[in-house]
Asker: 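Attaching a single structure in structure tokens format; questions to follow.
We name chains A, B, ... by the order of the sequence lines, and we start the count at 1 in each one.
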There are 2 protein chains.
Amino acid sequence: MARTKEFNEEQVLDKAIEIFWHKGYNGTSAQDLVTHLGLSRSSLYDTFGDKQKLFSMALKRYQKQGQDYVKNLLEEAVDIKAALTVIFKQAVLESLEDRITKGCFMVNSSVELAMHDEEIAKIVNDNRQTMQAVFLRAVKKGQEAGQISVQQNARTLARFIFNNYTGIRVLARSGEKDKQVYDDILKALFSLF
Amino acid sequence: MARTKEFNEEQVLDKAIEIFWHKGYNGTSAQDLVTHLGLSRSSLYDTFGDKQKLFSMALKRYQKQGQDYVKNLLEEAVDIKAALTVIFKQAVLESLEDRITKGCFMVNSSVELAMHDEEIAKIVNDNRQTMQAVFLRAVKKGQEAGQISVQQNARTLARFIFNNYTGIRVLARSGEKDKQVYDDILKALFSLF
DNA sequence: CTAATTCAGGAACGATTGTTCCGTATTTTT
DNA sequence: AAAAATACGGAACAATCGTTCCTGAATTAG
């Protein structure tokens, strides 16, 4: 019947994540997208609708990837504290390695768009809820297993973990490359567990 | 010799802070500025150069205001822990009260511009250094006075305080209005002091 | 082969971007 | 009162914005 697409939609979305992550929504032009996604203007609009729709598709995909990673790690973890360490060490590693420091696509989008775009606000809030729920379940499990201190209640710790994760991602975005800074934050944070 | 300006430069800068804070750099158009600053296009460019210069002047002014506030509070504080409580409670109050949630102008600018604009990067990094130094001095004083635990060293705590401050401001920017969330974060944070 | 479909490329759209310039009004100093 | 200086409002600028549309080539199914 018809010609098959020459591009893979998911691969294009992954590229879109990279661009929007790096430059933000307002900082990315349609021309940027055409140039770096490797498809024509017409295909872009035919396939994804418009810039805003492409952005939210990219953000949703990024969200799923991040959540899957954290969920899997925490749900299958024997030692919760160790698993949390892995997650945070990984975030620090990314922050230090990135030549172009992109921070976290979700955090960046929260700051840039959440208050101006309802759809993005929905994604961001959903992400926060989900992530805090994931952390909450993990902390509870860790406390029951005696791996995490019960000095603070689980919900408090879950929110606190999320808050420090956010802080670290902003630090990365603003270009901090001193490992000692991140290690200090992690040290203080984990002293609560 | 010449006519006097009909506007007060500092008042205009304060208005510019509000606009850029709310909409970000890329989200604010020249027309937005003309409309809300209450001066003409020509006066705007004659007085401030261009959009980028106006932005960095506004950000610098915001930085000075914020730093003065925190510095004064901490340097003249008898009880450091109490002073830190005031600072964080104030941040939470602003987050809950703001009908239009603006977060923190400095954090917003870090995320949006630091990696794309050297001048902004300089301001942001200078701010981080300065704020951490202010917190460091305060923590040291608090530890010497026996008001703050010496379990963690002062520099670690200073960085940790800053990180959680950042996190809270992002939370505010993304529209969180549940006081309990902020209180949990504060509770966990202050349990370290 | 034919018909149907969708690709890629690029011209073109009106709207908006940041910025400049000009003519006029206004105020201050001599 | 005259002259110098500068603010003012608004027209106008080229450039870029996101988006649409058209053309022709490519590929598939019948």
Side-chain angles (χ1 to χ4, degrees), chain A residues 1-60 105 108-109 112-113 116-120, chain B residues 1-60 105 108-109 112-113 116-120:
Chain A
M1 303 267 263
R3 189 171 164 183
T4 52
K5 281 187 201 293
E6 289 189 6
F7 55 87
N8 176 298
E9 198 165 316
E10 298 197 339
Q11 282 175 8
V12 172
L13 272 182
D14 283 334
K15 283 185 193 163
I17 289 176
E18 290 298 317
I19 302 173
F20 283 131
W21 190 352
H22 176 47
K23 297 193 164 196
Y25 180 80
N26 285 310
T28 303
S29 69
Q31 188 53 49
D32 284 333
L33 294 169
V34 170
T35 303
H36 295 105
L37 294 188
L39 47 76
S40 69
R41 242 178 178 63
S42 38
S43 300
L44 204 170
Y45 279 86
D46 282 352
T47 311
F48 299 101
D50 58 18
K51 187 183 166 187
Q52 133 79 21
K53 282 198 189 92
L54 173 61
F55 184 90
S56 74
M57 286 175 77
L59 186 58
K60 276 179 190 161
F105 188 23
N108 299 353
S109 303
E112 187 188 3
L113 300 172
H116 300 294
D117 186 316
E118 265 193 51
E119 165 119 35
I120 303 301
Chain B
M1 302 271 264
R3 189 172 165 182
T4 52
K5 281 187 201 293
E6 289 188 9
F7 56 88
N8 176 297
E9 198 165 315
E10 299 199 337
Q11 282 176 6
V12 171
L13 272 182
D14 283 335
K15 283 186 193 164
I17 289 175
E18 290 298 316
I19 302 174
F20 282 131
W21 190 352
H22 176 47
K23 297 193 162 195
Y25 180 80
N26 285 310
T28 303
S29 68
Q31 188 53 49
D32 284 333
L33 293 168
V34 170
T35 304
H36 295 105
L37 294 187
L39 47 74
S40 69
R41 242 177 178 67
S42 39
S43 301
L44 204 171
Y45 279 86
D46 283 352
T47 311
F48 299 102
D50 58 18
K51 187 184 166 186
Q52 133 79 21
K53 284 199 189 90
L54 173 61
F55 184 90
S56 74
M57 286 175 77
L59 186 58
K60 276 179 190 163
F105 187 24
N108 299 352
S109 303
E112 186 188 3
L113 300 173
H116 300 293
D117 186 315
E118 265 193 52
E119 164 119 35
I120 303 301

Asker: Is any side-chain N or O of B:Ser43 closer than 4.0 Å to OP1 or OP2 of D:dC8?
Answerer: yes
Asker: Rounded to whole angstroms, how far apart are CD on B:Glu9 and P on D:dT6?
Answerer: 14 Å
Asker: Expressed as a whole number of angstroms, how long is the span from B:Phe48:CZ to D:dT6:C1'?
Answerer: 15 Å
Asker: By salt bridge (charged side-chain N to carboxylate O under 4.0 Å, His left out), which residues pair with A:Lys15, not counting sequence neighbours?
Answerer: none
Asker: According to ring pair (Phe, Tyr, Trp, His ring centres under 6.0 Å), who are the partners of A:Tyr25, at least two apart in sequence or on a separate chain?
Answerer: A:Phe55
Asker: In whole angstrom, give the distance that lies between atom CG of A:Leu44 and atom P of C:dT6.
Answerer: 17 Å
Asker: Tell me whether the OP1 or OP2 atom of C:dG9 has a side-chain N or O from A:Ser40 closer than 4.0 Å.
Answerer: no
Asker: Name the atoms and distances for all side-chain donor-acceptor pairs under 3.5 Å in residues 29-38 of chain A, with sequence neighbours left out.
Answerer:
unit_1  : atom_1 : unit_2  : atom_2 : d
A:Ser29 : OG     : A:Gln31 : N      : 3.4
A:Ser29 : OG     : A:Asp32 : N      : 3.1
A:Ser29 : OG     : A:Asp32 : OD2    : 3.3
A:Gln31 : OE1    : A:Arg41 : NH1    : 3.0
A:Gln31 : NE2    : A:Thr35 : OG1    : 3.1
A:Asp32 : OD2    : A:Lys23 : NZ     : 3.4
A:Asp32 : OD2    : A:Ser29 : N      : 3.0
A:Thr35 : OG1    : A:Gln31 : O      : 2.8
A:His36 : ND1    : A:Asp32 : O      : 3.0

Asker: Checking A:Lys60 now: which residues fulfil salt bridge (charged side-chain N to carboxylate O under 4.0 Å, His left out) with it, not counting sequence neighbours?
Answerer: A:Glu119
Asker: Tell me the interatomic distance from A:Leu54, atom CG, to D:dT19, atom P, rounded to whole angstroms.
Answerer: 10 Å
Asker: Between atom CZ in A:Phe55 and atom P in D:dG18, what is the gap in whole Å?
Answerer: 13 Å
Asker: Keeping B:Ser56 on the side-chain end and B:Lys53 on the backbone end, is there a donor-acceptor pair under 3.5 Å?
Answerer: yes
Asker: Could you encode protein contacts along nucleotides 15-21 of chain C as a string, one character per nucleotide from 5' to 3', using B for base contact, S for sugar-phosphate-only contact and - for no contact, with a heavy-atom cut-off of under 4.0 Å?
Answerer: --SSBBB
Asker: Go through the structure and list residues passing side-chain hydrogen bond (donor to acceptor under 3.5 Å, both in side chains) with A:Ser43, not counting sequence neighbours.
Answerer: A:Ser40
